[in-house]
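These notes are about the structure you will find just below.
By convention here, the first residue in the shown sequence is residue 1. Just so we're clear, the structure is a prediction, and the values are computed from it rather than from any experiment. Order of listing sets the numbers, starting from 1, for every ligand and every atom in it.
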Amino acid sequence: RAKNAGRGRVEVYDDDLRAALAAQTAVEDGLRHALVADELVLHYQPVTDLETGRVRSVEALVRWEKPGEGLVPPGRFIPVAEGSDLVCDLGRWALRTSLRQLAEFDATGGPAAGLSVAVNISGRHLRSPRLVEDVRTALEASGTAPGRLVLEVTETVMVEDDAAWARLEELRAIGVRVAIDDFGTGYTSFGQLARVPVDVLKIDRSFVDSDDPRTVELVRLVVGAARSFGLRVVAEGTEQASQVRALQAVGCDTAQGYYFSRPVPAGRLAEAVTGCGEIFSTLGRFAEAG
Ligand code: C2E
Ligand code: MG
Ligand code: MG
Ligand code: MG
C-alpha cells in the first residue's frame, strides 16, 4: 500500500510536470507567432535628470498585444522565453525596433528627439556569441550612434561571470554603454563594483521604496561609490515626490518611475517627456524644499 501511495505521488508529480511543460510550450509557440505576426510592441519610460528635470534617456519595455487578451506584461512571457533561444530572437527584435523608433523620434525634432535608449538583454543573449553582431546590425540599420544605446543586464546575470564580463567589454569597445539593472538584488560586492565593466547603475525599486533610515544610508553609500567609480546612477520605481527629494538629497543623478511617467507607447513619448519636466518643476529643488 505504501508503495502504491508512493507511486501515486510520482504520477501526480508527473502530471503536474507535464501540465507545466505544456503551458510553457504554449507560451513559446504563441510568442514565436507574436514575433512573426508583429504582436509585440515597445513602450518607453523616461528617465528624468534630478538636477535639471530634463529627460535624456528612456527604457524600452516590451509588451505583447495578444489578440483577445489585451496588453500582456513581460513578466508573463519573458521568463518562459528565457528557457530557450527565443529570448535571443526577442532581444534582436527589441534592439532593431527600439533603434528604428529612436531614429523616428529624432526625425520629429520634438521633445523625444536626441534621446538615448536602454534595452533589456537577457542572460542567455549575453552569453550568445551572436549578441555583438545583433547590436552592430541594429545600429547600422538605424544609423544611430552607438553611444545612444544602453544595454541593461541584471546584476544577477553579470556577477562573477568571466564570459559575461568579456562580452560586455566587447560591446563597450563598439561604443555601446552598459547598465547594471536591479542593483542590490544580486551579490555584487563593493570590490566587484570597482571593476565591473559598466557605465550606469540602476538601483532596484526595493531600495527606493523604503523609508527605513538604514536603507536610505545604503542608497547614499551606493550613490557615492558609483560616483567614485564614474558610473551614472538611475533610481528605479520612483513613485512619490518624497522619494524623489530623498534621492536628490543623497546625490542620485536620475530617476525613473510612475511619479514622472509610466512606460508609454512610442506615439505618446513626446508628451510624456514634456510631462516629466513639468512634474519636476512643481517638485521644487531639494534645497528649497528644505
Ligand atoms: P526592469 O528592466 O527592471 O524594468 C522596470 C520595470 O519596473 C518595468 O516593468 C516598469 O514598468 C516597472 N516600473 C517602472 N516604474 C515603476 C514604478 O514607479 N513602480 C512600479 N511598481 N513599477 C515600475 P515591466 O515593463 O513589467 O518589465 C518587467 C521586467 O521585464 C523588466 O524589469 C525586465 O527585466 C523585463 N523586460 C521588459 N522588457 C524586456 C525586453 O525587451 N527584453 C528582456 N529580456 N526583458 C525585458
Ligand atoms: Mg531594465
Ligand atoms: Mg530594473
Ligand atoms: Mg526589475
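Scored by the ring-ring contact (aromatic ring centres under 6.0 Å, His included) test, Phe207 finds no partners at all (sequence neighbours excluded). Qualifying side chain to side chain contact (heavy atoms under 4.5 Å, CB included) partners for Val150, counting only residues two or more places apart in sequence or in other chains: Ala118, Arg177, Ala179.
Residue Gly237 has at least one heavy-atom neighbour below 4.0 Å for each of these atoms of ligand 1: 16 (C), 17 (C), 18 (O). Short contacts between ligand 1 and Gln45, defined as distances under 4.0 Å to a heavy atom of the residue, involve ligand atoms 14 (C), 15 (N). Close approach of ligand 1 to Thr238 (heavy-atom distance below 4.0 Å) involves ligand atoms 18 (O). Close approach of ligand 1 to Pro263 is summarised as follows: ligand atoms under 4.0 Å from at least one heavy atom of the residue are 11 (O).
The shortest non-hydrogen separation linking Ala94 to Leu42 is O-CD1, 3.8 Å. Contact detail for Pro111 and Ala270: the closest heavy-atom pair is CB-O, 3.7 Å. Counting all heavy atoms, side chain and backbone alike, Leu231 lies closest to Val198 at CD2-O, 3.0 Å.
Judged by distance alone, the side chains of Glu82 and Ser122 never bring a donor and an acceptor atom under 3.5 Å apart.
Taking only nitrogen or oxygen atoms, main chain and side chain alike, Arg63 reaches within less than 3.5 Å of ligand 1. Residue contacts with ligand 1: Tyr258 is placed with a nitrogen or oxygen under 3.5 Å of a nitrogen or oxygen of the ligand (distance criterion only).
When heavy-atom distances to ligand 1 are checked against a 4.0 Å cut-off, Ile78 comes that close only through its side chain, counted from C-beta outward. With a 4.0 Å heavy-atom cut-off, ligand 1 is reached by no atom of Arg262. The side chain of Glu236, and not its backbone, has at least one atom closer than 4.0 Å to an atom of ligand 1 (non-hydrogen atoms only; side chain from C-beta on). Residue-level proximity to ligand 1 for Val119 is absent, since no heavy atom of it falls below 4.0 angstrom. Contacts between Lys202 and ligand 1, counted as non-hydrogen atom pairs separated by less than 4.0 Å, are absent for every part of the residue.
For Glu59, the heavy-atom gap to ligand 1 drops under 4.0 angstrom.
Linking ILVMFWY residues whenever their side-chain heavy atoms come closer than 4.5 Å, directly or via other members, places Phe229 and Val222 in the same cluster. Side-chain heavy atoms closer than 4.5 Å link hydrophobic residues (I, L, V, M, F, W, Y) into clusters, and following such links, possibly through other members, connects Val119 to Leu35.
The closest non-hydrogen atom to atom 10 (C) of ligand 1, taken over Leu61, Val72, Val87, Thr154, comes from Leu61. Summarising the contacts of atom 20 (C) of ligand 1 with Glu239, His125, Arg124, the nearest heavy atom is found in Glu239. Counting only non-hydrogen atoms, the option in Pro74, Pro73, Ala235 that gets closest to atom 27 (O) of ligand 1 is Pro74.
Looking at heavy atoms from C-beta onward, Leu151 lies out of side-chain contact with Leu168 at the 4.5 angstrom threshold. Side chains of Arg148 and Leu99 form no contact here, defined as non-hydrogen atoms less than 4.5 Å apart.
Annotation: Arg32, atom CZ; neighbour count of heavy atoms from other residues, nucleotides and ligands within 6.0 Å is above 12.
Tally of protein N, O or S atoms closer to the Mg ion (ligand 2) than 2.8 Å: 4.
Ring geometry for Phe77 against Trp64 counts as perpendicular: the plane angle is over 60°, on a 0 to 90° scale with 30° as the lower cut.
By the 4.5 Å side-chain criterion applied to Ile, Leu, Val, Met, Phe, Trp and Tyr, Val47 is assigned to a cluster that also includes Val200, Val234.
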